[in-house]
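So you know, we letter chains A, B, ... as the sequences are listed, proteins then strands, and number each from 1. Quick caveat, the model's predicted, so the values are computed rather than measured.
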Amino acid sequence: MSDATAKEILYRIRRFEPTRDRAPRWQAFTIPRVPGMTVLDGLWTIKQTQDASLAWRSSCRMGICGSCGMLINGRARLACNTQVSEIDAAVIVVAPLPNFDIIRDLVPDLSPMFDAHAALMPYLIRDDAREQERPTGEFSQSPQELERYLQFSYCIKCGCCMAACPTYATDPVYSGPMPLAQAQRYNADGRDGGFLRRRAVLGGERGPWRCHFAGECSRVCPKGVDPAKAIQLMKRDLVWDYIRLRKEQCPAAVMSKPKAGTRRPDIPEPPPRTV
Amino acid sequence: MLRVQGFPNRLGVRGWVGGGRWGMERYLYTLHRLTGLGLLAYFLLHIVVTASRALGEGAWARAMDTVSGGVFKVGEYLVFAAFAFHAANGIRLVLVELGFGVGRPIEPVYPYKTSLDAQRSLAIGALAAGAALAILGAVELLVLR
Amino acid sequence: MMRDQKLWSWHVAAGIVILLLLGLHMTIMHLDATLKFTSLNPAGGEPIDWANVAARGKMLFFPITYVLLLSAALFHGLYGLRNILFELDPGAGLKSAISVILIVSGLGLLVLGTWSAVASFDLAR
Ligand code: SF4
Ligand code: SF4
Ligand code: FES
């Protein structure tokens with residue numbers, strides 16, 4: 001545990017300025033230690049008081065925008081979600097997320113991840129485009145059906161899982177945990193009918209087959225998304241599909257209002273429709 | 001789309017072995033790879049060496065002679081131990097990678113429980129079974145013979 | 001290019017076959033001192049003594065399961081190796097070359113192994 005009574009804290013930061021540096025270098029900063037400070041707070045202090053050129057991405061500072069993924073003392077995590085006091089070392093070591101090119105200092109180039117994400121069609125695929133554009137009602141979904149994908153929908157696309165995955169460390173063809181978990185999020189959605197279209201990509205090299213359940217992605221995920229679980233469930237679906245055991249689901253239909261019955265007087269009218 | 005020329009930062013093969021901070025399943029993954037490669041190397045040689053039995057007793061005896069002796073005995077045991085681990089861990093992987101034992105999708109509530117926790121007892125069971133088999137093999141191959 | 005969905009399904013299936021047959025093979029070959037298999041090692045002594053090898057070669061069960069185990073293990077092992085090599089990101093050209101080399105050497109060893117099982121079955125009879 002870092003010394004909570006200390007007045008100061010040492011940061012070691014991996015810097016890279018493409019117009020000046022040929023390779024990344026380390027730089028140390030000593031800043032005042034404030035109770036309750038996060039690793040991100042420390043970066044702000046350094047930027048405001050010592051080196052205004054320090055670059056990183058952050059926005060919400062509350063673990064919801066997914067911008068501030070970094071390698072903090074060897075582990076991929078959110079800078080805003082990590083208390084300085086929870087780091088078990090005397091020095092805070094901050095580097096950009098590995099497995100992505102470094103644009104500058106702590107800013108990784110996440111575009112390969114987003115390209116892979118888009119290639120796996122992370123949206124509802126249905127035949128009734130008109131209903132989706134101009135909805136006449138809600139698609140039916142039971143609470144049990146919601147649970148089949150809800151966990152995976154908490155992903156904030158921070159890329160921490162990609163930085164921790166051993167396969168992604170060497171293989172840029174592999175889609176990686178985030179895109180695969182998101183593909184499973186839609187495959188498992190009762191309103192979706194896109195399994196066969198996604199299978200065209202997932203059945204090949206970009207699919208889940210290079211995942212060997214090392215489980216690093218689920219270990220580092222700051223939102224409890226558990227991509228490793230999504231990927232194994234996806235493998236099961238695809239293997240079942242290959243041996244013709246998978247039940248094809250019809251995308252859920254638009255719910256119709258009950259035709260008979262009267263409304264109980266104590267239930268208020270719904271608000272006016274917005275769509 | 002805007003493309004920037006960044007500094008390459010992939011971990012490479014170093015990222016396969018990890019080290020230090022990783023969890024149990026990461027080590028099992030590495031060990032499964034190493035034992036798999038070892039078993040494959042042995043197996044390919046084994047096919048060639050044992051093919052000699054088709055040529056009759058003399059050829060078989062000569063082949064067995066070249067692969068006897070202390071080094072081969074220890075090597076043989078290593079193969080057996082690698083098999084014990086790869087088989088036991090393989091049973092876990094078949095189950096887990098087909099989505100059994102990883103648990104259902106749940107609402108993530110802090111502190112998070114992941115699929116890793118869900119299958120941990122399987123992983124420990126597989127290690128124990130592999131170790132038990134390896135010890136049995138040690139008794140057989142190194143002591144009783 | 002064969003689809004990984006197919007190949008991986010077979011990889012798992014082959015793994016299960018290997019588990020059963022190699023388990024049997026290892027038990028017979030290595031756990032013979034603790035569990036005596038007098039009918040499989042009629043000559044006594046080591047299971048790799050020629051008399052025992054010949055005796056097992058005579059039983060139809062062994063050549064058949066040898067070939068089954070051989071094919072399953074070759075596929076499982078070589079697909080696993082291919083996976084590891086592909087994860088090193090060798091590029092499209094080298095990937096096809098690797099696939100061809102693995103298929104050719106796998107088929108070669110399959111032929112060699114099948115021949116030896118069949119030939120020693122003949123020899124033993
Ligand atoms: S799965 Fe988790 S670690 Fe990966 S991008 Fe989503 S929130 Fe981040
Ligand atoms: S479980 Fe799979 S996707 Fe997740 S880190 Fe491991 S290999 Fe990568
Ligand atoms: S700043 Fe938004 S997740 Fe950290």
Ring-face cation of R104(A) near F7(B) (centre distance under 6.0 Å, axis angle within 45°):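 No, R104(A) does not lie over the aromatic ring of F7(B).
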Give, as side chain, backbone, both or neither, the part of [X] having an atom under 4.5 angstrom from any heavy atom of chain B.
X	result
I231(A)	neither
P172(A)	both
F152(A)	side chain
P98(A)	both
C221(A)	backbone
A188(A)	neither
P108(A)	neither
R14(A)	side chain

How long is the gap from [atom1] on [X] to [atom2] on [Y], to the nearest 0.5 Å?
X	Y	atom1	atom2	answer
R10(B)	D171(A)	CZ	CG	7.5 Å
T30(B)	H212(A)	OG1	NE2	11.0 Å
F213(A)	R92(B)	CZ	CZ	6.5 Å
L11(B)	L71(A)	CG	CG	8.0 Å

Show the nearest heavy-atom pair for residues [X] and [Y], with the distance to one decimal.
X	Y	value
M24(B)	R219(A)	N-NH2, 4.0 Å
E147(A)	P105(B)	O-CB, 3.3 Å
P166(A)	W16(B)	O-CD1, 3.2 Å
Q232(A)	V102(B)	CG-CG1, 4.3 Å
C211(A)	E97(B)	O-OE1, 3.6 Å
N9(B)	D101(A)	N-OD1, 4.0 Å

Look at the side chain of [X] and the backbone N and O of [Y], then say whether any donor-acceptor pair between them is shorter than 3.5 Å.
X	Y	value
R148(A)	R104(B)	no
Y112(B)	P222(A)	yes
D226(A)	S115(B)	yes

Flag if over 12 foreign heavy atoms under 6.0 Å of CZ, R198(A): yes
R61(A) atom CZ: more than 12 heavy-atom contacts under 6.0 Å: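 No.
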Pick one of side chain, backbone, both or neither for [X], based on which atoms fall under 4.5 Å of a heavy atom in chain A.
X	value
Y110(B)	neither
L28(B)	neither
R33(B)	side chain

Verdict with reasoning, E107(B) to L150(A), per side chain to side chain contact (heavy atoms under 4.5 Å, CB included): CA-CA 7 Å; E107(B) 178 89 7; L150(A) 182 63; 3.0 Å; yes
Interface residue of largest heavy-atom contact number with chain B, from S218(A), A228(A), C165(A), under 4.5 Å: S218(A)
Residues E216(A) and R26(B) bridged, charged N to O under 4.0 Å: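 Answer for the salt bridge query: yes.
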